[in-house]
2 protein chains.
Amino acid sequence: MDTGDRLLTPGEVAALFRVDPKTVTRWAAAGRIGSIRTPGGHRRFRESEVRALLEGEGMLDEVDDMGKPRNAGPAASTGPGPANAGMY
Amino acid sequence: MDTGDRLLTPGEVAALFRVDPKTVTRWAAAGRIGSIRTPGGHRRFRESEVRALLEGEGMLDEVDDMGKPRNAGPAASTGPGPANAGMY
DNA sequence: CCCCATTAGGGTAATTCGGGAA
DNA sequence: GGTGTCCGAATTACCCTAATGG
């Protein structure tokens, strides 16, 4: 099923994370986030991947104690998946 | 669905509370406030949650319960949003 | 074809992180 | 128990100009 592979621009991702578009570009350059390059060299990011990152991206299954239930995280799409997470 | 709240940087939250950014970081580490991490490891806080904390609406019960929990809710994480405990 | 907003790239300053000690 | 400050290191933000996208 479609994971919602809508492509987002660096500016969109930057607004979601409250960071500078340049920072998003740096993440892609560092391989922290999957990126698709246009023939011209510009980057595009997958909406599903960005969303997973925002939510805490976890492959951890965790339920809420209050509020509403939340379905499991979406399967990775075409990216290398959980390439790297947590490296400081 | 979307809370539609902006994300604040530790410095912003620190200025709101008149405390050190380091203190805000400790609150997040202690799970007293929800936090979203950037792929780089930096923290972002929800404007709505910070506002609620400033108003004092975050916790309606902070009486003596250090030894016997009553029903004060098991320390939700992000509050209105999906729970996600940061950890890396 | 031209127009305008956004993005890429490099470089430098400011902020944040993490742990430890006051 | 909680907060403010120190340190080194990493990450992020803003400066610029040129190219890409629509």
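What you see is a predicted model, and the numbers here were worked out from it, not measured in a lab. Proteins come first, then strands; the chains are lettered A, B, ... in the order of their sequence lines, and each starts at number 1.
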Exercise. Take the protein atom CG of A:Leu7 and the nucleotide atom P of C:dT7, then report the distance between them rounded to whole Å.
Key: 14 Å

Quiz prompt | Any donor-acceptor N/O pair under 3.5 Å between D:dG4 base and B:Arg26 side chain | solution = yes

Practice problem: Classify the side chain of B:Lys22 and the base of D:dG2 as holding, or not holding, a donor-acceptor pair under 3.5 Å. | Solution: no

Quiz prompt | Neighbour count above 12 (heavy atom, 6.0 Å) for A:Arg37 CZ | solution = yes

Quiz prompt | Among C:dA8, D:dG2, C:dT16, the one nearest B:Arg32 by side-chain distance | solution = D:dG2

Quiz prompt | Listed nucleotide nearest any side-chain atom of B:Arg44, set C:dG9, C:dC17, D:dA13 | solution = D:dA13

Quiz item: What's the CG-C1' distance between B:Leu8 and C:dT16, to the nearest Å?
Solution: 15 Å

Quiz item: Across all strands, who's sitting opposite D:dG4 as a Watson-Crick or G-U wobble pair, both distances under 3.5 Å?
Solution: none

Self-check item: Ring centres under 6.0 angstrom apart (B:Phe17, B:Trp27)
Solution: yes

Practice problem: Counting heavy atoms from C-beta on, name the nucleotide in D:dG4, D:dT12, C:dT7 closest to the side chain of A:Thr9. | Solution: C:dT7

Practice problem: Looking only at side-chain atoms of A:Asp20, point me to the closest of D:dG4, C:dG9, D:dC14. | Solution: D:dC14

Quiz item: Looking at C:dT6, D:dT3, D:dT11, which one has an atom nearest to any side-chain atom of A:His42?
Solution: C:dT6

Quiz item: Pick the nucleotide of DNA chain D nearest each of B:Arg18 and A:Pro21; which residue has the one closer to the 5' end?
Solution: B:Arg18

Quiz item: Backbone N or O of A:Ile33 within a donor-acceptor pair of the A:Glu49 side chain at under 3.5 Å?
Solution: no

Quiz item: Are the side chain of B:Arg6 and the backbone N or O of B:Arg46 linked by a donor-acceptor pair below 3.5 Å?
Solution: no

Practice problem: Provide, to the nearest angstrom, the distance between the CD atom belonging to A:Glu12 and the C1' atom belonging to D:dG22. | Solution: 15 Å

Quiz item: How do A:Pro39 and B:Trp27 order along DNA chain D: which one's closest nucleotide is nearer the 5' end?
Solution: B:Trp27

Quiz item: Which nucleotide sits closest to the side chain of A:Pro10: D:dG21, D:dG4, C:dT7?
Solution: C:dT7

